[in-house]
Q: 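Before we start, here is the structure in question, set down as C-alpha cells.
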Amino acid sequence: MNFKKIEKKWQRIWKQKGIYKTKDKVRGKNNFYHLVMFPYPSGNLHIGHWYNFAPADVFSRFKRMSGFNVLSPIGFDAFGLPAENAAIKHGIHPKDWTYKNIKAMTVQLESMGNMYDWSRKIITADLEYYKWTQWMFLQFYKNGLAYKKNAPANWCPKCHTVLANEQVVNGQCERCEAQVVKREIEQWLFKITDYAGKLLKDLDGLDWPEKTKTMQKNWIGKSEGVEIKFKIQNSSRQNKFDADLAESVNVFTTRLDTIFGCTYLVISPENQMIENLKLRIENYDEIIKYVKQAKKKSDLQRTDLAKEKTGIELKGIRAVNPFNNEEISIYAADYVLGHYGTGAVMAVPAHDERDWEFAKKYNLPVKITICPNYPAPVCPVLEEAYTGNGHLINSGEFNGLISQEAREKMAKWLEEKKIGSRKINYKLRDWLVSRQRYWGAPIPIIYCDKCGVIPVPEKNLPVKLPNVKNYLPTEEGKSPLAHSEKFVNVKCPKCGAKAKRETDTMDTFVCSSWYYLRYTDPKNNKKFADAKKMKAWLPVDMYIGGAEHSVLHLLYARFFTKVLNDLKYLNFKEPFSALRHQGIILGPDGQKMSKSKGNIVDPDELVKNFGADAVRMHLCFMGPYDQGGLWNPTGILGIKRFLDRIFAFTQKLINDQRPTISDKNPKLEKLLHQTIKKTGEDIENFRFNTAISSLMILFNEMEKQPLLKIENWKLIIKLLSPFAPYLAEELWQQLKNKKSIHLEPWPKYNPKLIKEEEFELIIQINGKVRDKVLVSQNIAQKEAEKLILSREKIKSFIANQSIKKIIFVPNKLINIVV
RNA sequence: GCUCCUGUGGCGGAAUUGGAAUACGCGCGGCGCUUAGAACGCCGUCCCGCAAGGGUUAGAGGUUCGAGUCCUCUCAGGAGCACCA
C-alpha cells in the first residue's frame, strides 16, 4: 500500500470538492459545534498537538456521520509572549516568525487529514481579528469593567512584563519559569471579580471534568462570613488632630463563633490604618521599617509556610471587642494579606493555627471558647489550636450553643446592633490584562492632558500594531511601542489637541477569550459575529484541550461570555457546554518531552514512515484519551499491520472472481452488529482505544471467512473511516463508490441481531468457578439448578457436603454454597 | 501540610451495576516461507505443579455467596491548593 500517494491524492480531492466546508444550516440536520483549543504558532506541530487534534477529529467525523451538521474549525492563537520570545531568540521579527510558523503548521495540520473547515481559519494577530479584540476592550471599558490602577503587580524580570495572577505558578512565570517579583506599575485590569459569584454558580450545569470544575471553584474561592467593626479605643497619646481618623477597624471572619476568644487584632502591612493613625502610634518609625520590609518581599516569600511568622505591635492604640468590650492590642504582620477581605483579621489563637503560632511566638493570651467534645463540661488544655466546631464556653449569652447555631445568632446580633454584617469574599482577583510587550493587540486608549483617559472611538478601530524595528522588551516597565513616536503621538479624538496613545498591549488570553465566537462568522467586518450565525452554532457543544488551561483560558472565556451576555450580544451564559481534556504524551523515558532531553517524538517522521492514518489511529489506541502516557516507539507497528491487512484483504475481495453474495454466517453477522454498536458508543464516550480493539476483533474474525458479503465488508470500512480517513476513502473508491465515504451515514446496527440466544452459564461452588455450560438465554433458576446438579463434575465437587444456599444471577452465573 | 486521582503480565492497556481477571496490541519464543535477512503467515506466551489442582490485580486487614471494582490503614507515583482568616 502506497499511503503517501493515497494521502496526497485525497488531500487534493477533498479540497477540490470542498467536502469539509460547513454550511450554517443543513435541512434535517442539527448543528453540532465541536471545537479544539487552537494552537500557538510556536514552530512545528508536535506529537502533543496530534494527540489533541487527531482523536478529536475521530469524534468530529463520527458526529457528522451520525447525522449532525458539524462545525470543526481551526485557527492560530498568534499573539503573545511565547511566540514573541521564540522570535527574539531566533533574531526574527515576531510578525515574520509567527506567520512563517503558521504557514508551516498549516501544511502539517492538513497532513493529519482532519475535517477542518479551512475557510473559517482565524489568526488572532490579523488586523481583521484584533480589531474586534480591541472593540471588546472598549465595551468592557465603557461598562466599567476595564480600569487602570497603580499597584504592586507580578513582574517577570525575564519577560519584562507584568503577569496575571493566574500566570504565576509557585511564584514563577508560567512561561519562562523566572522568579516573579513585585513591582509598582500602572496597569489595566478587567473586573472579573464582579462575576465571581456567577462564575462559581454556573459551573454546576456544565458537562466538564469534575476536577476542572473543582479547580475553578478553588481558584474563585468563595467564603461566607461576617465583617465586624472593632472600635479603636482612645489612647493616652490621643490628640485633637486625628480624632476623626480611623475610629474603627473592620475585620472579616468565617468563624464568628470564636469571637469571644479573640485576644488581639492583626492588620496587613499595607493597611491604610497605619497612616491614618500615624500620630497616635507610639512606635510609628519602627512600624514603617517593618512595612517597608514586607512590601519588598515577593508573594512567594511572604506566603512561605515554612518560615516563622513575624509581626509588630502598634503601640499606643487598642481595639475593643464588640462582644465582650475587652480591650485588645493590634499587630501588623505580613501573614495577613492586604488584598483579601478587609486586610485585617481578628486573632483567635485557641481556634486558629496561624494565630496560635503567632501568639506563642509573641506571648499573647490564649482563650478557649470552643469545646470539641460536646457536651463535655471541661475543656482540655490545648497543645495546639482546636479548629473544629464545638460548643461555646466563655462566650457570655451564647454559651452552650454549637458553632453552627452560634454563627447564625451572633451574626443577627451584630446586624441588629449595626456593628457588622454578613459578607461573602472571594479569593479571585481582577484580571491584569496589560503587557509591556510588543507582540499583542494594542490597548485602544488615548491620554489627553485636557480630556484625560479617552477610549479610541469605535470607528477608528483597529489601532494598528506598527511594524517597528525595535520590538525588544525593555527593562523600564514600558512597552517597546513607547519608542515609536509615530505610534504614540496622536490627536485627542475629543478635543483635537496633542495626545498620547496607551503603549501597552493586551494579554494573549484576551484574544483567546472570544475566538470561538468568531469562527461562526470569521469574515464579518461589521460585527465581531452575526447574531443569527452565533445562534445557529453556539454555545460550543464539545470542547477539547489541555487541562493546563483549567483556570486560565477556560475561566477568562467564561467571563467574556457572561459579560457579552449581560451586554445583550449573546443569548447564552456559558461558552462550552461540554469539555474534555486530552492527556499528556511523555517521551519513551517517561519524562516530559523537551529538546534538552532529546526525547522528542517528531510526528512528521512518523507520518513519513507509517502514514498519517497509522499515526492518528495509534494515538487513539494507546490508552484512555484523558490519560496520555509514554510514547512507545514500536507500538505503532500493530496499527500499521492492521491497516495493511485491511488494505490487502480488500484487494483480495475485489479480485476474487467468485460470487461473494451467498455466504450466511449468523455468528459473524452478530459480531458485526455488536461491533457497530460498541464502536459508536465508545467514540461517543472518548474511548477510542476500546473502539479500535473491537474493530480488530471483528476483522480478525472476518479475515478467517473464505466468502464474505461485500456489503458487510463495506460496513467495516465505514467503521474505520473516522480513524483512518485516507485509507477508508481510497478503499471506498475501489469498492466502486462515487461519493466520499465521509459523507456516508454511520451504519445502523440491528438490535435483533445483537441479542444472544445462548450464553455460557458460569457454575461456581463457594465462589470458585468449577464448570460452565452453554444454556439458552433467560433460563429460569429452577431449570438451571436442575441442570447443573445433574452434572458429574459438580456432583463430585459437592460430594457429600450439604448445599446451604444457591445464588443465581440471571444470564450470568450460578453459585452453590456448601 | 491539606485535597483529589492513579497503582492489573516483560510493556501500552481490557474488564456495564460487585459476577469467568489479563480482551486488543506491542514484545518475546517456536515453526513455516526464504540462499539468508526483512516482510508476511501459523502456533505459543501471568506464576507454581507431571497432573488433579492451587495461587495472582502495590501491601495488610475488612464487608460479601462472590472484590481489580466497596470500606479502613500502609506504601509508591502524579496533579492541584497552600497563611484567603
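Just so it is clear: chains get the letters A, B, ... in the order the sequence lines come, proteins before strands, and each one is counted from 1.
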Q: Expressed as a whole number of Å, how far does the C1' atom of B:A21 sit from that of B:G55?
A: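 Comparing C1' positions in B:A21 and B:G55 gives a spacing of 13 Å.
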
Q: Tell which nucleotide pairs with B:A21, taking only Watson-Crick or G-U wobble pairs whose two distances are both under 3.5 angstrom.
A: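 Check on B:A21: unpaired, no WC or wobble geometry under 3.5 Å.
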
Q: By nearest nucleotide on RNA chain B, pick out whichever of A:Lys805 and A:Tyr426 is the more 5' one.
A: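 This one resolves to A:Lys805.
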
Q: Please confirm whether the shortest side-chain N or O distance from A:Arg641 to OP1 or OP2 of B:G41 is below 4.0 Å.
A: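 Checking A:Arg641 against B:G41: no side-chain N or O falls below 4.0 Å of OP1 or OP2.
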
Q: Taking only nitrogen or oxygen atoms into account, show me every contact under 3.5 Å that the protein makes with nucleotides 16-20 of chain B, one pair per line with its distance.
A:
from: B:U17; atom 1: O4; to: A:Lys812; atom 2: NZ; distance (Å): 3.1
from: B:G19; atom 1: N2; to: A:Gln764; atom 2: OE1; distance (Å): 3.2
from: B:A20; atom 1: N6; to: A:Glu760; atom 2: OE1; distance (Å): 2.9
from: B:A20; atom 1: N1; to: A:Glu760; atom 2: OE1; distance (Å): 3.1
from: B:A20; atom 1: N3; to: A:Lys772; atom 2: NZ; distance (Å): 3.3

Q: Considering only the C1' atoms, how many Å lie between B:G37 and B:U16, rounded to the nearest integer?
A: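 B:G37 and B:U16 have their C1' atoms separated by 48 Å.
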
Q: With RNA chain B as reference, determine whether A:Ile636 or A:Gly628 sits nearer its 5' end, using the nearest nucleotide of each.
A: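 This one resolves to A:Gly628.
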
Q: Compare the minimum distances between each of B:C24, B:C81, B:A14 and the side chain of A:Phe621, then state the nucleotide with the smallest one.
A: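 Closest of the options to the side chain of A:Phe621: B:C24.
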
Q: Counting just side-chain N and O atoms, does A:Arg770 come under 4.0 Å of either OP1 or OP2 of B:A52?
A: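 Looking at the OP1 and OP2 atoms of B:A52, neither is under 4.0 Å from any side-chain N or O of A:Arg770.
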
Q: A:Lys211 side chain N/O closer than 4.0 Å to the phosphate oxygens (OP1, OP2) of B:C5?
A: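 No, because none of the side-chain N or O atoms of A:Lys211 sits under 4.0 Å from OP1 or OP2 of B:C5.
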
Q: Distance between the P atoms of B:U22 and B:A38, in whole angstroms?
A: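 My reading of the P atoms in B:U22 and B:A38 gives 32 Å.
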
Q: If the C1' atom of B:G27 is compared with that of B:G12, how far apart are they to the nearest Å?
A: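 It works out to 11 Å between them.
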
Q: When you compare B:U57 with B:A20, how far apart are their C1' atoms, in angstrom units rounded to a whole number?
A: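 Their C1' atoms lie roughly 15 Å apart.
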
Q: Does A:Arg687 put a side-chain nitrogen or oxygen below 4.0 Å from OP1 or OP2 of B:G13?
A: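 Indeed not, no polar side-chain atom of A:Arg687 lies that close.
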
Q: Could you tell me how far B:C31 sits from B:C24 if I compare only their P atoms? Round to whole Å.
A: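 Straight-line distance between the two P atoms is 25 Å.
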
Q: Parallel, tilted or perpendicular: which one describes the rings of A:Tyr362 and A:Phe358, with boundaries at 30° and 60°?
A: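 Rings of A:Tyr362 and A:Phe358: tilted, 30 to 60°.
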
Q: Could you tell me how far B:U74 sits from B:C4 if I compare only their P atoms? Round to whole Å.
A: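 These two P atoms come out 14 Å apart once rounded.
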
Q: For A:Val251, report the nucleic acid contact type (base, sugar-phosphate, nothing); a contact means any heavy atom under 4.0 Å.
A: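 Answer is nothing: A:Val251 stays at 4.0 Å or more from every strand.
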
